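The structure under discussion appears below in the form of structure tokens.
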There are 2 protein chains.
Amino acid sequence: MSETISKSIDEFINSLKYDGSGLIPAVVQDVNTKEVLMVAYMSPESLKTTITSGKATYFSRSRQKLWVKGETSGHFQHVRRILFDCDRDTLLLEVEQEGVACHKGYHSCFFRETRIGTDGRIEEVYCLEREDAQKPE
Amino acid sequence: MSETISKSIDEFINSLKYDGSGLIPAVVQDVNTKEVLMVAYMSPESLKTTITSGKATYFSRSRQKLWVKGETSGHFQHVRRILFDCDRDTLLLEVEQEGVACHKGYHSCFFRETRIGTDGRIEEVYCLEREDAQKPE
């Protein structure tokens with residue numbers, strides 16, 4: 001087994017690779033069901049807030065500011081594990097999801113899948129049931 | 001249950017949202033274990049190749065060309081499901097992984113996790129065992 005490396009929180013955050021906008025993508029997975037819930041983006045500051053608060057905090061690209069997931073909907077994500085990939089340019093969060101992850105009311109943002117019909121066309125099929133009314137996030 | 005929408009393959013590909021580089025991120029999940037294996041990026045052309053061939057094909061940002069996953073390593077990904085998120089700007093692929101997904105020899109690229117030590121420092125812990133010697137990908 002490889003050795004464990006110890007870093008300060010800031011050293012760890014600085015050791016990751018951010019894109020041209022200074023962000024790193026985070027895949028969010030339900031710690032219990034392993035369902036992929038969403039993908040969001042983190043700035044160094046939002047990652048630090050996530051680590052220190054235990055609540056998933058992203059950087060909203062549309063609003064250009066920190067976004068505590070659930071701050072308006074109550075659908076917080078309690079972070080149980082943070083993993084990072086071989087290139088150190090993608091995060092994987094395992095979370096306990098309060099309520100639903102998707103602002104459209106589905107447990108996961110990935111509530112539609114494609115199927116190829118006999119005519120060679122793509123069918124967009126809803127593969128989850130909506131659990132919650134739509135709420136602003 | 002919501003209605004199914006039918007589109008041609010090109011209509012479906014054109015209905016997705018691509019980033020400033022013309023790419024869309026794809027989260028890749030093991031269809032059997034639900035383990036998240038990697039995140040890669042697709043161009044419209046690589047997505048079309050993926051749909052028509054059934055083998056995950058990405059756009060390599062470092063090499064700036066189509067990249068059939070496994071073309072050099074033999075570690076192909078056979079695509080079983082393609083999902084897309086609420087914003088149509090992220091894909092989720094469920095795949096049967098031949099061999100290992102990570103070029104560093106791990107089943108998943110997410111083979112390290114963080115733990116917060118009693119001293120408040122971050123420990124980078126290997127959470128997977130290497131299964132395969134490192135190979136060029």
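Because the structure is a prediction, the values reported are computed rather than measured. Atoms considered below: every heavy atom in the structure, side chains included; atoms not considered: hydrogens, waters and symmetry mates. Proteins get letters first, then strands, A, B, ... in listed order; numbering begins at 1 in each.
- Both the backbone and the side chain of A:E123 have a heavy atom closer than 4.5 Å to some heavy atom of chain B.
- Contacts of A:R80 with chain B are absent, with no heavy-atom separation under 4.5 Å from either backbone or side chain.
- Contact residues of residues 9-28 of chain B toward chain A are B:I9, B:E11, B:F12, B:S15, B:P25, B:V27 (heavy-atom distance under 4.5 Å).
- Per-residue heavy-atom pair counts under 4.5 Å with chain B were compared for A:T33, A:I116, A:T114, and the maximum is reached by A:T114.
- Enclosure of atom NZ in B:K7 by more than 12 non-hydrogen atoms of other residues, nucleotides or ligands within 6.0 angstrom is indicated.
- Under the 4.5 Å side-chain contact rule for hydrophobic residues, B:Y58 and B:L47 share a cluster.
- Scanning residues 84-92 of chain B against chain A with a 4.5 Å non-hydrogen threshold yields B:F84, B:D85, B:C86, B:D87, B:R88, B:D89, B:T90, B:L91, B:L92, sorted by number.
- A:Q29 places a side-chain N or O within donor-acceptor distance of the main-chain N or O of B:K34, the cut-off being under 3.5 Å.
- For the atom pair CD of B:E124 and OG of A:S6, the computed distance is 9.0 Å after rounding to the nearest 0.5 Å.
- Transitive grouping of hydrophobic side chains (ILVMFWY, heavy atoms separated by less than 4.5 Å) keeps A:Y41 and A:W67 in distinct clusters.
- No continuous path of hydrophobic side-chain contacts links A:F111 to A:V39 [ILVMFWY only; heavy atoms under 4.5 Å].
- Residue B:V100 is not grouped with residue B:F76 when hydrophobic side chains (ILVMFWY) are merged at heavy-atom distances under 4.5 angstrom, including chains of intermediate members.
- Residue-environment remark: CD (B:E131) exceeds the threshold of 12 foreign heavy atoms within 6.0 Å.
- Between the side chains of B:R121 and A:S8, no donor-acceptor pair of N or O atoms lies under 3.5 Å.
- Residues A:F59 and A:M38 fall into different hydrophobic clusters, defined by Ile, Leu, Val, Met, Phe, Trp and Tyr side chains chained together at heavy-atom separations under 4.5 Å.
- Taking 4.5 Å as the limit, some side-chain heavy atom of B:I51 sits within range of a side-chain heavy atom of A:I122.
- Note that CZ of B:F110 is 10.0 Å distant from CG of A:L93, once rounded to the nearest 0.5 Å.
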